[in-house]
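First up is the structure itself, then whatever we jot down about it.
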2 protein chains.
Amino acid sequence: MPRKPKERASRAATLHDVAAQVGVSAITVSRALNTPERVSEAVRERILAAVDALGYVPNRSARTLVSSRSQTVVVLIPSLSNTVFIDTLAGINDVLDPHHYQILIGNTGYDDAREERLLRTYLSHAPDGILLTGLRQSDGMRTWLDKLHIPVVHMMGLDPQAQRYCVGFSQQAAGAALTQHLLQRGYRNVAFFGARLDERVMQRAAGYRQALQEAGIYREDLEWLTPEHSGIGLGASMIAKALQQRPEIDAVFCCNDDLALGVLTYCQRNGIAVPQRLAVAGFNDLDGAAWATPTLTTIRTPRYDIGHAAASMLLDLMSGNTPAEPMQDLSFTLQAREST
Amino acid sequence: MPRKPKERASRAATLHDVAAQVGVSAITVSRALNTPERVSEAVRERILAAVDALGYVPNRSARTLVSSRSQTVVVLIPSLSNTVFIDTLAGINDVLDPHHYQILIGNTGYDDAREERLLRTYLSHAPDGILLTGLRQSDGMRTWLDKLHIPVVHMMGLDPQAQRYCVGFSQQAAGAALTQHLLQRGYRNVAFFGARLDERVMQRAAGYRQALQEAGIYREDLEWLTPEHSGIGLGASMIAKALQQRPEIDAVFCCNDDLALGVLTYCQRNGIAVPQRLAVAGFNDLDGAAWATPTLTTIRTPRYDIGHAAASMLLDLMSGNTPAEPMQDLSFTLQAREST
DNA sequence: TTGTACGCGTTATCAA
DNA sequence: TTGATAACGCGTACAA
């Protein structure tokens, strides 16, 4: 049955509206917009004029429905207020934007249940690909993902079994490297401050333990772990408590720079000499680390590159290719500064 | 003609697949998921089991297409690495999430052309509502928006003509208030540091000028404006240059806290006494302001509340209601601390 | 409570 | 270069 145009109050213009105005068929308008070279220049110009005049905007839902390609990538990250993931997003965007992929950002809030809920919701957009943070997704998520045959790349960490596509670096190796640096500098009572205790923090803690155990001086009672959200204030209160409970500590490995900046502030306000009385190290090398007083020793993480490489790998997978290397280790750099 | 199911390799499960498995019609499955109370419990349970077994995920495109409601809201912000907008997003999310609206985040990068491009792209999702940052959208954007009859709420600033829906506070009044605070403290040669020079920064500058002009001591040559991106490093280099060019300045109004923290760092490293030799003030009251040495005087901005209120207003508009108050002034607070 | 018929706006396919 | 036709997967309207 031929289409009979409905007389609704004022709906958005469609391809048919543009086609009617120009006096061509809808498919010609579609081609004028998507494959302009396949439409004569005269017609094309009249079509583009009509598109402007009517304020026509293509309807992505219709396109997705019929072409079964959404040109959409879902990215799940734990937090929007953490520079690390924003930098990663920038890398992702720089790769996908030129290819006209839309990015749907999901903020999991470091919450596994929420991550699973978000994923299910976002799957309804029929994304062409998915980028996930970390590798500790629940079995439920794995099941959904396996059924849908949508390419997935994991960011930040590495898969010990190398069974999934992933781009990142060894958080544990980085934790060990930073701890060894402290040991080399002569510190013996090295504390570890961990907040939020997500996958990556716990891997850094594992690296810390490993290095101290190898040196034969690991002590469980020099670890302060809290599920609280990280922040400068938290770092300040943690060092206050730690110095009271274990005054012998002479160095602190903070699981991120925010905590470390809090420790530095506390030391400055309380006349604790850094790095003489206490060495302080952070993780990530945020903007503030190089500007702190004293400047902060930390681990520089390749987060922009991780986003960039993960998106590139995903692009490859979405084109039906198999990446040569399913696991990319982008490594890290020890940034030694005044605080140690 | 009745639908004939295609035999494709392995597509995602559809309502029909679930229906076939259970032995009911597709519409019954649809009802079981959307209005469960209208389906008998026995059938519903079998349907839910089949949904799980098949890994069925509803197709949003199809739903949007047929119902002409996308349950989607587009939010355009200038930057993801600025805490201000992340906090705003949190407020938006807390309102829209419970109503099952999806948020599409567009990052304009403080670029008007990019904002317009992004908007056009995102309009293809047929959003039910739009949240924009600021009020300086191009004429092109206004035209598109007017044609589509999609509710729009502007965030952060206020419309002088009160012709558009907006939630924010007067950036100019805040700039004036902070400047008056410096004058009250006895500072006379008050400099202004502006970076990136977006709409809001220029309004703060206008407030700064207004206050100094009212005091009869405005000097054009104490303004340092740069289109560069803001940052701690930039603040440090700006104060270095300013002190060299105009050694008489005794206070600095930085257009945001990042610049101000850079100024503080520079002063600390160069033995410049704050606030005795130089007063320093920022804008926004970020986490670091209260932890700086000395603590930083700044303007606390209600950014979470702005997001919350803007989303609430949009929700109202999307339901077809007309908000009682089209313009909400959420005001600001002067946070006086040690640096002044 | 359940089902049938139809169309949402677009593109793939095939034909002219 | 252009067009006719048929889907894509779902919800609305109506019927049983």
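Note on naming: letters A, B, ... go to the chains in the order of the sequence lines (proteins, then strands), and numbering restarts at 1 for each one. Owing to the predicted nature of the structure, the values given are computational and were not obtained by experimental measurement.
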Would you say [X] places a side-chain N or O within less than 4.0 Å of OP1 or OP2 belonging to [N]?
X     : N      : answer
A/T14 : C/dG9  : no
A/R38 : D/dT1  : no
A/T28 : D/dG3  : yes
A/N34 : C/dT11 : yes
A/S30 : C/dT11 : yes
B/S67 : D/dC10 : no
B/T64 : C/dC8  : no

(request) Cation-pi check, B/R303 to B/F85: give yes when NZ or CZ is under 6.0 Å from the six-membered ring centre and within 45° of the ring axis, no otherwise. (result) no
May I have the distance from [X] (atom [atom1]) to [N] (atom [atom2]), rounded to whole angstrom?
X      : N      : atom1 : atom2 : result
A/Q71  : C/dT11 : CD    : P     : 12 Å
B/H125 : C/dG9  : NE2   : C1'   : 15 Å
B/L15  : C/dG3  : CG    : C1'   : 14 Å
B/L65  : C/dT11 : CG    : C1'   : 12 Å
A/R31  : C/dT10 : CZ    : P     : 15 Å
A/I47  : C/dT10 : CD1   : P     : 13 Å
A/N59  : C/dG7  : CG    : P     : 18 Å

Picking from [options], which would you name as closest to the side chain of [X]?
X     : options               : value
A/V43 : D/dT2, D/dG3, C/dT10  : D/dT2
A/S25 : C/dT11, C/dG9, D/dA4  : D/dA4
B/H16 : D/dG3, D/dC10, C/dT10 : D/dC10

(request) Please tell me which of A/V66 and B/I27 maps to the more 5' nucleotide of DNA chain C, matching each residue to the nucleotide holding its nearest heavy atom. (result) B/I27
(message) Using only modelled atom types and a 3.5 angstrom limit, is any donor from either the side chain of B/R69 or the base of D/dG11 paired with an acceptor on the other?
(response) no
(message) Distance criterion of 3.5 Å, no angle test: do you see the side chain of A/R60 paired donor-to-acceptor with the base of C/dG9?
(response) no
Does a donor on one side chain sit under 3.5 Å from an acceptor on the other, for [X] and [Y]?
X      : Y      : value
A/S61  : A/T64  : no
B/Y304 : B/D94  : yes
B/H125 : A/Q102 : yes
B/E116 : B/S138 : yes

